[in-house]
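Worth saying up front: this structure is predicted, and the values here are computed from it rather than measured. Only this structure's heavy atoms are used, side chains among them; waters, hydrogens and symmetry mates stay out.
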Amino acid sequence: FNLAGNKPKVHFYQGIDGLQKIYQATWQSKEPIYAFSDYEKMMYLMENWMLEYPKERARRGIKFFCIAKDGPWARKMALKNVEQKREMKIIKEGTFETEINIYENKVAIVSFQRPFAGVIIEDQAIAQTLKSIWQMLWARLP
């Protein structure tokens, strides 16, 4: 499915190691990352690793804009927004069963439910559409 041409490229990952590879791929971004996140689900599954991830992302100078589901972990992470180059808006409504990271021409989708899998889709049109949806929601949040 990843042959040359104008088709989107899809990279599939499984297991906790696969999820970590998806996040590590975002460290290569030359642009900010726009995300929908549920820190309660992330931290339940990979707390130690997820505490280190934003430190490395920030060290690489990559800004992170996040719409996060409200919870104790989201509020705790928000306390480190400045040092971790993150801007976060916390929402009470909605359910995020996955995390979505939008960056460059890519969309990373991570599921924290068994069997723990995720994909990175490389396609400018898909990334731009999801980024536009993200930006419209961000602009309407307090």
Side-chain angles (χ1 to χ4, degrees), residues 1-139 141:
F1 294 107
N2 289 329
L3 299 175
N6 291 329
K7 293 181 184 178
K9 292 181 181 152
V10 180
H11 307 274
F12 181 74
Y13 302 84
Q14 284 187 290
I16 301 298
D17 289 343
L19 301 186
Q20 291 173 352
K21 287 178 183 172
I22 290 172
Y23 285 107
Q24 288 169 338
T26 68
W27 288 338
Q28 306 310 311
S29 182
K30 304 288 186 241
E31 298 176 10
I33 299 168
Y34 302 89
F36 294 98
S37 302
D38 186 328
Y39 285 96
E40 306 311 305
K41 289 180 176 72
M42 278 189 279
M43 295 305 194
Y44 175 77
L45 185 60
M46 345 189 299
E47 179 178 334
N48 291 333
W49 202 87
M50 291 308 296
L51 289 171
E52 294 304 314
Y53 165 79
K55 294 176 188 175
E56 179 62 22
R57 182 190 39 72
R59 187 187 72 73
R60 292 171 183 245
I62 304 165
K63 290 275 297 177
F64 189 76
F65 296 90
C66 178
I67 298 171
K69 177 71 176 154
D70 190 22
W73 271 112
R75 291 187 297 272
K76 184 176 180 178
M77 296 300 283
L79 297 174
K80 297 184 179 194
N81 279 349
V82 173
E83 78 183 68
Q84 294 181 352
K85 298 185 185 286
R86 178 178 46 235
E87 288 186 38
M88 182 187 303
K89 292 188 180 183
I90 297 176
I91 61 172
K92 294 189 184 302
E93 68 281 348
T95 302
F96 296 163
E97 293 298 331
T98 61
E99 176 165 39
I100 300 173
N101 288 326
I102 307 155
Y103 60 102
E104 296 181 343
N105 67 335
K106 300 175 182 79
V107 177
I109 304 172
V110 177
S111 174
F112 300 109
Q113 295 182 1
R114 291 188 192 279
F116 312 125
V119 296
I120 296 176
I121 302 167
E122 284 187 63
D123 182 81
Q124 186 63 42
I126 292 170
Q128 185 56 52
T129 298
L130 288 172
K131 184 177 174 184
S132 292
I133 292 167
W134 186 96
Q135 289 171 327
M136 285 186 284
L137 180 57
W138 180 267
L141 292 173

Residues which pass side-chain hydrogen bond (donor to acceptor under 3.5 Å, both in side chains) with [X], listed by chain and number, not counting sequence neighbours:
X    : value
E122 : H11
R57  : none
E93  : none
K69  : none

Going by salt bridge (Lys or Arg N to Asp or Glu O under 4.0 Å), name the residues that satisfy it together with [X], two or more places apart in sequence or in a different chain.
X   : answer
E52 : K55
K30 : none
E56 : R59, R60
K89 : none

| task | For residues 73-85, pull every pair meeting salt bridge (charged side-chain N to carboxylate O under 4.0 Å, His left out), keeping only residues two or more places apart or in separate chains. | result | D70-R75
| note | Contacts satisfying salt bridge (charged side-chain N to carboxylate O under 4.0 Å, His left out) that involve residues 99-117 (not counting sequence neighbours) are E104-K106
| query | Taking T129 for the side chain and I126 for the main chain, is one N or O donor matched with an acceptor at less than 3.5 Å? | reply |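 Such a contact is absent between T129 side chain and I126 backbone.
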| task | Enter the distance from I100:CD1 to L130:CG here, rounded to the nearest 0.5 Å. | result | 6.5 Å
| request: Enter the distance from Y13:OH to Q20:CD here, rounded to the nearest 0.5 Å. | output: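 It is 13.0 Å, given to the nearest 0.5 Å.
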| query | How far apart are the C-alpha atoms of Q135 and K131, what are their side-chain angles, what is the distance that settles it, and do they pass the side chain to side chain contact (heavy atoms under 4.5 Å, CB included) test? | reply | CA-CA 6 Å; Q135 289 171 327; K131 184 177 174 184; 3.5 Å; yes
| message | Using the ring-ring contact (aromatic ring centres under 6.0 Å, His included) criterion, which residues pair with F96? Sequence neighbours excluded. | response | F36
| Taking every non-hydrogen atom, the tightest pair across P8 and D123 |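 Residues P8 and D123, closest heavy atoms: CG-OD1, 3.5 Å.
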| request: Sort and list the pairs that fulfil ring pair (Phe, Tyr, Trp, His ring centres under 6.0 Å) and have at least one residue in residues 103-125, not counting sequence neighbours. | output: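 Of all non-adjacent pairs touching residues 103-125, none passes ring pair (Phe, Tyr, Trp, His ring centres under 6.0 Å).
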| field | Any E40 side-chain heavy atom under 4.5 Å of P72 side chain | value |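 The answer is yes; the side chains approach within 4.5 Å.
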| query | Should the ring pair F65 and Y34 be called parallel, tilted or perpendicular, given that the plane angle runs from 0 to 90° and is split at 30 and 60? | reply | parallel
| remark: The single option from I109, I120, V119, N101 that satisfies side-chain contact (heavy atoms from CB on, under 4.5 Å) with I22 is I120
